[in-house]
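These notes are about the structure you will find just below.
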Amino acid sequence: DQQVKQNSPSLSVQEGRISILNCDYTNSMFDYFLWYKKYPAEGPTFLISISSIKDKNEDGRFTVFLNKSAKHLSLHIVPSQPGDSAVYFCAASGGNYQLIWGAGTKLIIKP
Amino acid sequence: DTGVSQDPRHKITKRGQNVTFRCDPISEHNRLYWYRQTLGQGPEFLTYFQNEAQLEKSRLLSDRFSAERPKGSFSTLEIQRTEQGDSAMYLCASSLGQGRPRFGPGTRLTVT
């Protein structure tokens with residue numbers, strides 16, 4: 001049973017527009033959420049995180065929103081740039097060392 | 001820092017052979033993790049070290065898999081008697097305490 005789900009395998013967005021990537025989780029014990037970006041032939045690189053005590057965290061063009069009651073988080077990228085084309089993974093932690101990952105969403109930014 | 005490095009980047013082996021992968025974490029990081037990623041999936045946790053102690057092993061890690069981290073520095077992951085189902089990307093990450101893990105580039109294993 002997947003505890004972290006990213007239901008969109010891919011997403012295509014026009015350059016300059018907003019990209020919204022979604023993630024749902026089932027385990028209410030998760031208290032820390034992270035987004036990683038992955039380019040082909042590279043390992044995942046950390047993008048942004050949010051603690052369960054917050055509902056929003058912003059870093060430049062990237063904003064993560066957390067809706068605990070819906071067990072849903074989203075990553076907003078605005079404006080989207082060609083270099084944002086990558087696979088984005090949502091990951092969750094229950095306060096221990098282990099991250100539980102979604103399957104990823106491939107973001108394609110069209111020029 | 002020079003980041004997390006992994007060697008080799010690619011490995012092709014025949015079924016039944018043994019393979020060993022190496023991970024060099026960021027030098028000041030005391031925690032080291034191994035994950036496995038198959039096509040179309042996110043990484044799955046395999047095992048975790050704090051310094052030289054292996055503190056947790058996933059049930060994904062069968063008896064054919066063994067990991068070590070002698071002296072709390074680099075780590076090795078060995079797979080004995082490889083099977084086709086072992087084909088995957090093996091990712092190593094390190095962190096300082098409960099900080100965010102930083103990942104290496106991975107080792108892609110293909111078992112023919």
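Computed from a predicted model, the values in this text were never measured in an experiment. Chain identifiers are assigned alphabetically (A, B, ...) following the order of the sequence lines, protein sequences preceding nucleic acid strands; residue numbering begins at 1 within each chain.
- With a 4.5 Å cut-off on non-hydrogen atoms, A:Gln98 touches chain B through its backbone and its side chain both.
- Looking only at distances, a side-chain donor or acceptor of B:Tyr35 sits under 3.5 Å from a matching main-chain atom of A:Leu99.
- Contact annotation: the side chain of A:Phe89 approaches that of B:Pro43 to within less than 4.5 Å [non-hydrogen atoms, C-beta and beyond].
- The side chain to side chain donor-acceptor pair (under 3.5 Å) search around A:Ser49 returns A:Tyr32, not counting sequence neighbours.
- Listed options B:Gly42, B:Ser58, B:Gly106 were ranked by heavy-atom pairs under 4.5 angstrom with chain A; first place goes to B:Gly42.
- When all heavy atoms of B:Gly40 and A:Ala103 are compared, the pair lying nearest together is O-CB, 3.6 Å.
- Both A:Ile48 and A:Val4 belong to a single network of hydrophobic side chains, linked directly or stepwise wherever heavy atoms of I, L, V, M, F, W or Y lie under 4.5 Å apart.
- More than 12 non-hydrogen atoms from other residues, nucleotides or ligands lie less than 6.0 angstrom from CG of B:Leu55.
- Within 6.0 Å of the CZ atom in B:Arg64, the count of heavy atoms belonging to other residues, nucleotides or ligands exceeds 12.
- By the 6.0 Å contact criterion, CZ on B:Arg9 is enclosed, its count of non-hydrogen atoms from other residues, nucleotides or ligands being greater than 12.
- If you chain together hydrophobic residues whose side chains sit under 4.5 Å apart, A:Tyr88 and A:Ile109 fall into the same group.
- By the 6.0 Å contact criterion, NZ on B:Lys11 is open, its count of non-hydrogen atoms from other residues, nucleotides or ligands being 12 or less.
- For a residue to count as touching a neighbouring chain, one of its non-hydrogen atoms must lie under 4.5 Å from one of that chain's; by this rule B:Gln37 touches chain A with the side chain only.
- In the hydrophobic clustering of ILVMFWY residues, with side-chain heavy atoms under 4.5 Å counting as a link, B:Val111 and B:Val19 come out together.
- Using non-hydrogen atoms only and a strict 4.5 Å limit, the part of residues 90-98 of chain B facing chain A consists of B:Leu91, B:Gln98.
- For CD of B:Gln80, the number of neighbouring non-hydrogen atoms (other residues, nucleotides, ligands) closer than 6.0 Å is greater than 12.
- Heavy atoms of A:Lys106 lying under 4.5 Å from chain B are absent altogether.
- For chain B, no part of A:Tyr39 is nearby; none of its heavy atoms comes within less than 4.5 Å.
- At a threshold of 4.5 Å between side-chain heavy atoms, the hydrophobic network of Ile, Leu, Val, Met, Phe, Trp and Tyr places B:Met89 and B:Phe45 in one connected group.
- The part of B:Arg31 that comes within reach of chain A is its side chain, from C-beta onward, which places non-hydrogen atoms under 4.5 angstrom from that chain.
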